[in-house]
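Data first, discussion second: the structure below is written as structure tokens.
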2 protein chains.
Amino acid sequence: MSTKERLIEAGLRLLEAEGPESLNARKLAGEIGASTMTVYTHFGGMAGLYETLVRRAFVQFGDALAAVDRTDDPVADLLALGMTYREFASANPQRYRLMFGVTAPGSGAAAANDVTEEGTPSTLPEASATFDELRRAVQRSLDAGRIHGDDAVAIAGQFWSMVHGFVLLEMSGFFGADGRGVTTVLAPHATNLLLGLGDDPAAVAGSTQAARERFGAAEASPRAEAAPGARAAPRAAGVRRGPRPGRTSGQ
Amino acid sequence: MSTKERLIEAGLRLLEAEGPESLNARKLAGEIGASTMTVYTHFGGMAGLYETLVRRAFVQFGDALAAVDRTDDPVADLLALGMTYREFASANPQRYRLMFGVTAPGSGAAAANDVTEEGTPSTLPEASATFDELRRAVQRSLDAGRIHGDDAVAIAGQFWSMVHGFVLLEMSGFFGADGRGVTTVLAPHATNLLLGLGDDPAAVAGSTQAARERFGAAEASPRAEAAPGARAAPRAAGVRRGPRPGRTSGQ
DNA sequence: GAGCTTGGCATAACTATGTTATGACTATCA
DNA sequence: TGATAGTCATAACATAGTTATGCCAAGCTC
């Protein structure tokens, strides 16, 4: 594997394993047995590396979403998409935060802006693709007459706000530790939103059940970054984890 | 004013004015004509300063939300609360990000963890108070029979997910630049959620109109952070202007 | 094949930032 | 008046991003 690729993989791994503060040039380089210079040769600096990681993460994220089956129940598909979305974020919280310019990868990241700070995802084609997956599911639900409206993008934005907000608040520790918030907050929210969009209560219940069953089955599949037990035993100890080696003066 | 207080205010000001990367000890100290040592004397380090800024920001945020009038239309109150919420976040994006452990204030912030990274808000009483404001509005809507459900906290969580997710995505540049997303995404989302919660369509429309008018009126008031852009105006430089604390009179 | 060019990379130095050690100065109090 | 505690400037140290420099191997030209 090329040095560049090894750096990227080490970066993604270190990010989740030791948190964003370990995403520094020296540690990264040490991880692959190279010098910090490689970061500059291949990425122009830490900012470039961050951007590459963000793109890569979005691709993986997009792959995970694209892997959701499309059935003849577009609303169930939409719900399954949401569950997968939340699953990915819960399993890779640091990655998710980085993707949405929401992490603190160290001082360099602040300089990395352009990518990390504000415009981050909205200008990345990889991110747009992610959103597009959602938009299509909404469009199919519209086409099927399950929900009503004239702007699939706007409706997709509502679903996105819902899941994105939930996921971040859940990561921050609101909504309880285990996946409890999913049943108390996210699922009812999705139901309410669908009802508000005009879907039939019975149909919503059916699609919810279908998505739930489908999702329980999908859990057995060996998805790479769909880390262990996101639903059953999701990191009760919280997002971080980590003795945080040798901070400050080591003392 | 005490050195400590001046550091806090300089911190909040620098944060919005120059971004999180300017929130460093030397710049901060220079801002008030002191040495970096003051940061350690008063806050124990940058981490302590961050935590103080987060608490202060939550207090200001809570004040802004508490200043929303309570009328005999609890749903309109709820919507006004949401608009105020979004307004605060849009006017003080860096502050909002910091509050939710969502900013990248430089390498120190990663160390600031404990506060900045994961548990940030969920363990801060100031943050809980914020959420409680929302919960009460939901409870009043339940009591009034406008919406149905047995768990005000869970329902409040849905509203919170909605606004939080919207606000962050809007900051990241999705949903367009001006407040356009508010009318295309956030407002319809709120309507749909209310409908899903059992409110009457006509009643929702009425409350929405009431909230809109009330908010438009409030816009004329000399609220610092009540920036223009929610409906029509662009809020080009909306990043500036800090909210003056302690305007809790209107309650 | 000899020499040149290019790209990858190690070494080491430079800069910025968090942090700490030290000591001076001031206010308060016994 | 002397002691103590708190505040804070100076200066040094550690870490992390970055850059300068040069080595070296792979091609390429002649």
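Values below: all heavy atoms of this structure, side chains included; hydrogens, waters and symmetry mates excluded. Naming convention: chains lettered A, B, ... in sequence-line order (proteins, then strands); numbering from 1 in each chain.
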Item checked: Short N-O contact, A/E5 and A/R56, less than 4.0 angstrom -> yes
Margin query: Would you say the ring centers of B/W160 and A/F174 fall short of 6.0 Å from each other?
Written below: yes
Next item on the list: Let me have a per-nucleotide readout for nucleotides 8-14 of chain C, 5' to 3', with B, S or -, counting only protein heavy atoms under 4.0 Å.
Entry: SBBB-B-
Distance in angstrom units between [X] [atom1] and [N] [atom2], rounded:
X	N	atom1	atom2	value
B/I32	D/dT7	CD1	P	13 Å
A/F43	D/dG17	CZ	P	14 Å
B/L28	C/dA16	CG	P	18 Å
A/Y50	D/dA16	OH	P	11 Å
B/K27	C/dT15	NZ	P	18 Å
B/Y40	D/dG6	OH	C1'	19 Å

Margin query: Is a donor from one side chain sitting under 3.5 angstrom from an acceptor on the other, for A/R86 and A/S90?
Written below: yes
In a table with atom names and distances, give each donor-acceptor pair under 3.5 Å that connects a side chain of residues 36-43 of chain A to protein atoms at least two apart or in another chain.
residue, atom, partner, partner atom, Å
A/T38, OG1, A/S35, O, 2.9
A/T41, OG1, A/M37, O, 3.2

Notebook entry, point to check: Can any side-chain N or O of B/D132 pair as donor or acceptor with the backbone N or O of B/R135 at less than 3.5 Å?
Noted result: no
Next item on the list: Can you figure out which of C/dT17, C/dT19, D/dT19 approaches the side chain of B/M46 most closely?
Entry: C/dT19
Item checked: Qualifying residues under side chain to side chain donor-acceptor pair (under 3.5 Å), relative to A/R55, sequence neighbours excluded -> A/E51, A/E126
